[in-house]
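Beneath this line is the structure, given in structure tokens, with notes to follow.
What you see below is based on every heavy atom in this structure, not just the backbone, and it leaves out hydrogens, waters and symmetry mates. When a ligand or atom number is given, it counts from 1 through the structure's own listing order.
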Amino acid sequence: MLPFNEPIYAEKGIAYIVEAIIKNKRLNGDGPFTARCTQWFNNRLKVKTLLTTSCTHALEMTSLLADIKPGDEVIMPSYTFVSTADAFAIRGAKIKFVDIRKDTMNIDETLIENAITEKTKAIVPVHYAGVGCEMDTICDIAKRHNLFVIEDAAQGMMATYKGKFLGTIGDFGAYSFHETKNYTMGEGGLFLVNRDEYVERSEIIREKGTNRAKFFRGEVDKYSWVDVGSSYLPSEMNAAYLLPQLEMAEEINNQRLKLWNMYYEELKELEDKEKIELPYIPKECEHNAHMFYLKTRDLNERTKLIEYLANNNVKAVFHYVPLHSAIAGRKYGEFVGEDRYTTSESDRLVRLPMYYALKEEDLKYVCGLVKTFFK
Ligand SMILES: *Cc1c(COP(=O)(O)O)cnc(C)c1O
């Protein structure tokens, strides 16, 4: 069976892990490999970053930094992964779900203002498939209403909006290095702090509420418990696995884009015949080929396509079940306004195999099956 995803392995991954264990004798967090990864991100993104144990945890850190309290409201799309909501619901926030745009599957920026109340604390845009949300509009709304903008850029590393890296545009951002993402350390993430006044507290929250980071820089002579926090720093072995991928980040991105464009060109004729819809990339956005999806006519047709591909040894998968329709979604959140596209568009979407090591001949085989199915 052709898998839907295969975690990326960069050649030096094992050697670096061995180096962490045998040479550095350093397995816990914030050792030399974490420092090298962080340096790479800081140089490239031009904001302060901290490696974390997951994107979920990076989002949880933003929830603490924004001082989310029971009764506060946070606005986000319902078409997203559970972590986006979990990070705020865990602090007692009420989640306000807003409809998505049909073209990008991102939050519809024109509907956000309608969901704002005096209890609203933050807007959380999710850059679906590594395609940027309409950030200028979102940041403008946030500014006028004095709200935080927290970017769930889990899928967005290397992608840009108007030339700015996703995750660096709002107040805070979060990347994921889960094995399903473009760059991986198994489980892991990155916290992006785009406002200097939050850097110190970010370090404290990440290190169990201690000023350990300051201590290691020699800024205080002992470290102690100064705030709430948790343990959000990943092991050196995970960082060692990630580093070689960063060293070839451009190459990985280009290869994925090449595969994505190949899918697009192969399947364009089906879109021209109005059999399927293909992804749309706004001109403000450069994406990172995180996923390749197509949309069928309806749920029934999608089920049949997934089945047909599986019968021919290809694993294709649908994506999020809208959060507002889930058990916890009903408990911790509510949909504001009309669900015009969230449910109907998510029902039509199917993702095709997409990963760095995907062979061109396999990709063409998948496209051939899709074309036969629609004949
Ligand atoms: C993958 C993903 C997450 C969660 O990432 P973890 O690193 O597994 O915590 C959150 N949000 C979105 C949109 C994702 O795709």
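- In the displayed structure, Ile90 atom CD1 is contacted under 6.0 Å by at most 12 heavy atoms of other residues, nucleotides or ligands.
- A heavy-atom separation below 4.0 Å is found between Gly188 and ligand 1.
- Ranking protein heavy atoms by distance to atom 3 (C) of ligand 1, first place goes to Phe81 CD2, 3.6 Å.
- Between Lys214 and Glu203 there is no salt bridge, since no side-chain nitrogen of the basic residue lies less than 4.0 Å from a carboxylate oxygen of the acidic one.
- His324 and Glu334 share no donor-acceptor pair across their side chains, judged by distance under 3.5 Å alone.
- In terms of N/O distances under 3.5 Å, ligand 1 is approached by Lys181.
- With a 4.0 Å cut-off on non-hydrogen atoms, Asp152 touches ligand 1 through its side chain and not its backbone.
- Grouping the Ile, Leu, Val, Met, Phe, Trp and Tyr side chains by contacts below 4.5 angstrom, directly or via other members, places Val321 apart from Phe97.
- If you look at Ser54 next to ligand 1, the close heavy atoms, those under 4.0 Å, come from the backbone and the side chain alike.
- At least one N or O atom of Gln155, backbone or side chain, sits closer than 3.5 Å to an N or O atom of ligand 1.
- Those atoms of ligand 1 that come under 4.0 Å of a heavy atom in Tyr320, given as number and element, are 13 (C), 15 (O).
- Residue contact check: Val126 has heavy atoms under 4.0 Å from atoms 13 (C) of ligand 1.
- Numbered from 1 in the order shown, with element, the atoms of ligand 1 that lie under 4.0 Å from a heavy atom of Ser83 read 4 (C), 10 (C).
- Checked against a 3.5 angstrom limit, the closest N/O atoms of Ser176 and ligand 1 fall inside it.
- For Cys55, a nitrogen or oxygen atom sits less than 3.5 Å from a nitrogen or oxygen atom of ligand 1, counting backbone and side chain alike.
- Inspection of the Thr53 and Glu187 side chains reveals no N or O donor paired with an N or O acceptor under 3.5 Å.
- Between Lys12 and Glu247, at least one side-chain N (NZ, or NE/NH1/NH2) sits under 4.0 Å from a carboxylate O, which counts as a salt bridge.
- Among all protein heavy atoms, the one lying closest to atom 14 (C) of ligand 1 is Ala154 CB, 3.3 Å.
- Atom 9 (O) of ligand 1 has as its closest protein heavy atom Thr56 OG1, 2.4 Å.
- Side-chain atoms of Tyr128 and His319 include a donor-acceptor pair closer than 3.5 Å.
- Between Lys275 and Glu301 there is no salt bridge, since no side-chain N of the basic residue sits under 4.0 Å from a carboxylate O of the acidic one.
- With respect to Thr84, the side chain to side chain contact (heavy atoms under 4.5 Å, CB included) criterion is satisfied by exactly one of Val124, Thr56, Ile150: Val124.
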